[in-house]
Amino acid sequence: MSLLDEPTNSFDAALQELGFRSSQLDLSLSAGQIVSLRRFLQDLSRYNEHTNLVARSDFLTLVKDHVTDSLSVASVITSTGLARQQNLKVMDIGAGAGFPGIVLAVVLEDLLLDLVDSVGKKTCFLNQVVQSLELSHRVSVHNARAEVLARQSHFRAKFDLSTARAVGSLDLISELAVPFLRVGGKLIAQKSTKQYAQEIEDSQYALSLLGAQVSGVYPLDRTILGKERVIVMIEKIKETPEQFPRSTAQIARGSLSKRKV
Ligand code: SAM
């Protein structure tokens, strides 16, 4: 069922769910922020009717599967003190339908966000949302490959934070994200509890090449997210050599960790 066909009471149930989950994550959303999230989900559901962006677009699924997961990123940005920095510059790689990027923009109103995705129908939707939620003064959308954008001087080493939800393994997203970060900047990676330790081990070589290291692991409450998740924080500790990220073709040939460069 599409969100647009849903009866008002299921809207209300999902809005209640949204309020409940955000308070469990220690985020108190204002009425205006809830209205913005609701508009975002309505826009997504409407767009999804003709252009596939998410598998299921009923309001409750969007709240449970995507918004809550994105709010967990906001909660770590807040609880670790990162949000105290004014105008934190954030690059969301593989932004897709706007998770976590659009949710972060709505709930953390001081962030400056760049959203990049290589698929035009996704960035077209994101541009519509940015207009509809009046976010254009602090959110920019780029239809590009992250590894190409990260080589441009305007973007390279310019960000305090990067996110990349459901884009790939830790070594892949590190290769895409770390070049965007200034030294001291952080990548927030959302990972399953089962896989994260192996992924950290597998990415050690890549991280050493990129000039980064794991700086923290934050377990998330299963009862809030409905699944086992952790956030792995990667910190850039020195400048990334110019040859990274590799070209799209080289990246497609295999993970950085497994290659001798
Ligand atoms: N982050 C969103 C989410 O969690 O719903 C989307 C996840 S989707 C599975 C992965 C997205 O990453 C896709 O929209 C894809 O187009 C994008 N993507 C993958 N590789 C990319 C790259 N190298 N540069 C830019 N976007 C990329």
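Keep in mind that the numbers below use all heavy atoms, side chains included, and drop hydrogens, waters and symmetry copies. Each residue takes its place number in the sequence, starting with 1.
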Exercise. Going by the angle between their ring planes, with limits at 30° and 60°, are Y47 and H50 parallel, tilted or perpendicular?
Worked result: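 Because their plane-to-plane angle lies in the 30° to 60° range, the rings of Y47 and H50 count as tilted.
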
Check [X] against [Y] and note the closest heavy-atom contact, atom names and distance.
| X | Y | answer |
| --- | --- | --- |
| L71 | L18 | CD1-CD1, 4.2 Å |
| V183 | E239 | CG2-OE2, 3.6 Å |
| T61 | R56 | OG1-NH2, 3.1 Å |
| S162 | M91 | OG-O, 3.0 Å |
| A206 | D171 | CB-CB, 3.8 Å |

Problem set entry | Polar side chain donor-acceptor pair, Q204 to Q213, under 3.5 angstrom |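 The answer is no; no qualifying pair exists.
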
Exercise. Does the side chain of S169 pick up a donor-acceptor pair with the side chain of E199 at under 3.5 Å?
Worked result: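 No, no side-chain donor-acceptor contact under 3.5 Å.
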
May I have the list of side-chain donor-acceptor pairs in residues 125-137 shorter than 3.5 Å, sequence neighbours left out?
from : atom 1 : to   : atom 2 : distance (Å)
N127 : ND2    : T123 : O      : 3.2
S132 : OG     : D43  : OD2    : 2.9

For this session: Please tell me if the side chains of L104 and S70 come closer than 4.5 Å, counting only heavy atoms from C-beta onward.
Result: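 SC-SC contact between L104 and S70 ruled out.
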
Exercise. Is there side-chain contact between L209 and P241, with at least one heavy-atom pair below 4.5 Å?
Worked result: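 Counting from C-beta outward, L209 and P241 never come under 4.5 Å.
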
Exercise. Thinking salt bridges, do E175 and R246 make one under a 4.0 Å N-O criterion?
Worked result: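 Judged by the 4.0 Å cut-off on N to carboxylate O distance, E175 and R246 do form a salt bridge.
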
Exercise. Is the closest basic N to carboxylate O distance between R21 and E17 below 4.0 Å?
Worked result: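 Answer for the salt bridge query: yes.
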
N/O donor to acceptor pairs below 3.5 angstrom from side-chain atoms of residues 112-120, sequence neighbours left out:
from : atom 1 : to   : atom 2 : distance (Å)
D114 : OD2    : H142 : NE2    : 2.7
D117 : OD1    : V119 : N      : 3.0
D117 : OD2    : A95  : N      : 3.3
D117 : OD2    : G96  : N      : 2.8

Inter-residue atom distance [X].[atom1] - [Y].[atom2], 0.5 Å rounding:
| X | Y | atom1 | atom2 | answer |
| --- | --- | --- | --- | --- |
| L220 | S75 | CG | OG | 7.0 Å |
| L207 | L170 | CG | CG | 6.0 Å |
| F159 | L187 | CZ | CG | 13.5 Å |

For this session: Can you spot which of K89, R182, K236 makes a salt bridge (Lys or Arg N to Asp or Glu O under 4.0 Å) with D160?
Result: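 When salt bridge (Lys or Arg N to Asp or Glu O under 4.0 Å) is applied between D160 and each of K89, R182, K236, only R182 qualifies.
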
